[in-house]
There are 2 protein chains.
Amino acid sequence: MVESEIFRALADPTRRAIFERLAGAREMSVSQLKAGFDVSQPAISQHLAALRGAGLVAERREGRFAYYRVDPKGLTPLACWIDRYRAFWPARIEKLKDVLKGMDR
Amino acid sequence: MVESEIFRALADPTRRAIFERLAGAREMSVSQLKAGFDVSQPAISQHLAALRGAGLVAERREGRFAYYRVDPKGLTPLACWIDRYRAFWPARIEKLKDVLKGMDR
DNA sequence: CCAATATATAAGTACTTACTTATTCGAAAT
DNA sequence: ATTTCGAATAAGTAAGTACTTATATATTGG
């Protein structure tokens, strides 16, 4: 299932941190990403492969560099899954989120 | 981290199915849940423990029965995490979701 | 009290995962 | 051409996961 792969990809803290870091930049090479994480380069490559398999991240090849970026469509299956359960959330949270939503316009 | 536990809990298809089933009912006993899943009773109890540990589900004890229900606050950390990346989503999706949101009023 | 029922816990196992180091592959630079 | 550099792959390993069966712990009904 698509959702399982996404949830599984984001369950790992290192992988989530990589994704969050990518989200903060337009794109990053593997070695740029490696700096700041206390794991080996292969580990980073393996995490990126997992994120890519889940559709969360896309790759651009340029010479011997590989640039990774967040795939905008990647999180939507997850967002749709969660939205099915909005009915359960406390009203308070919904209101807070509407406020936040209005702020970044 | 809180999010890791939630993502991990929902990464398993059986566990996600249990959560979805619970979301469709007000509450269910373990044996009620067991019916329909092709795993043993201990497996169900273990999945419920994982969901409870992640804060996704709450338990009510009554005699020898244990009734489980969705915890409304459970998904909010996940929703908040995702909302940090709304900026990346295609505008199209946002519009669709607004439509869906309007429908169930 | 005793047997039956509902659930949880224990212990074991096959499978998966998150890493490591070593190696390979491809592209640039010298 | 050969070395050097960026990234991917291979192979091994320790730890974690998702189940199983067997057993324990309550609670209820006869």
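We name chains A, B, ... by the order of the sequence lines, and we start the count at 1 in each one. No experiment lies behind these values; they were computed from the predicted model shown.
Under the 4.5 Å side-chain criterion, counting only non-hydrogen atoms from C-beta, Leu56(A) is in contact with Leu10(A). With a 4.5 Å cut-off on side-chain heavy atoms, Phe7(B) and Arg16(A) count as touching. Between Leu78(A) and Leu78(B) there is no side-chain heavy-atom pair separated by less than 4.5 Å.
For Arg21(A), the CZ atom counts as densely surrounded, since its 6.0 Å shell holds more than 12 non-hydrogen atoms of other residues, nucleotides or ligands. Other residues, nucleotides and ligands place more than 12 heavy atoms under 6.0 Å from the CZ atom of Arg69(A).
What you find for Val30(A) and Ser45(A) is that their closest heavy atoms are CG1-OG, 4.0 Å. Nearest heavy atoms, Thr14(A) versus Phe37(A): O-CE2, 4.3 Å.
Atom pair Arg8(B):CZ and dA18(C):P shows a separation of 10 Å (rounding to whole Å applied). Across the protein-nucleic acid pair, Asp12(B) atom CG and dT16(C) atom C1' stand 12 Å apart, rounded to whole Å. Atom P of nucleotide dT17(C) and atom CG of Leu10(A) are separated by 14 Å, given to the nearest angstrom. Between the NZ atom of Lys34(B) and the C1' atom of dC19(D) there is a distance of 15 Å, given to the nearest Å. Atom NE2 in His47(A) sits roughly 15 Å away from atom C1' in dA8(D) (whole-Å rounding). Atom-to-atom, CZ of Phe37(B) to P of dA18(D) comes out at 15 Å; the value is rounded to the nearest Å. We find that CZ of Arg60(B) is positioned 16 Å from P of dA6(C), with the value rounded to whole Å. As a whole-Å value, the separation of Ile18(A) CD1 from dA18(C) P is 11 Å.
Although no hydrogens or angles enter the test, the distance criterion places a donor-acceptor pair under 3.5 Å between the side chain of Arg15(A) and the main chain of Ala9(A). Judged by distance alone, the side chain of Glu5(B) and the main-chain N or O of Val2(B) form no donor-acceptor pair under 3.5 Å.
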Provide a list of protein-nucleic acid N or O atom pairs under 3.5 angstrom, restricted to nucleotides 7-9 of chain C.
from: dT7(C); atom 1: OP1; to: Val30(B); atom 2: N; distance (Å): 3.2
from: dT7(C); atom 1: OP1; to: Ala66(B); atom 2: N; distance (Å): 3.4
from: dT7(C); atom 1: OP2; to: Ser31(B); atom 2: N; distance (Å): 2.8
from: dT7(C); atom 1: OP2; to: Ser31(B); atom 2: OG; distance (Å): 2.4
from: dA8(C); atom 1: OP1; to: Glu59(B); atom 2: OE2; distance (Å): 3.4
from: dA8(C); atom 1: OP1; to: Tyr68(B); atom 2: OH; distance (Å): 2.7
from: dA8(C); atom 1: OP2; to: Ser45(B); atom 2: OG; distance (Å): 2.6
from: dA8(C); atom 1: N7; to: Gln41(B); atom 2: NE2; distance (Å): 2.8
from: dA8(C); atom 1: N6; to: Gln41(B); atom 2: OE1; distance (Å): 3.4

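Close to dC19(D), at under 4.0 Å from its OP1 or OP2, lies no side-chain N or O of Ser40(B).
Contacts between residues 19-28 of chain B and DNA chain C, defined by a heavy-atom separation below 4.0 Å, involve no residue at all.
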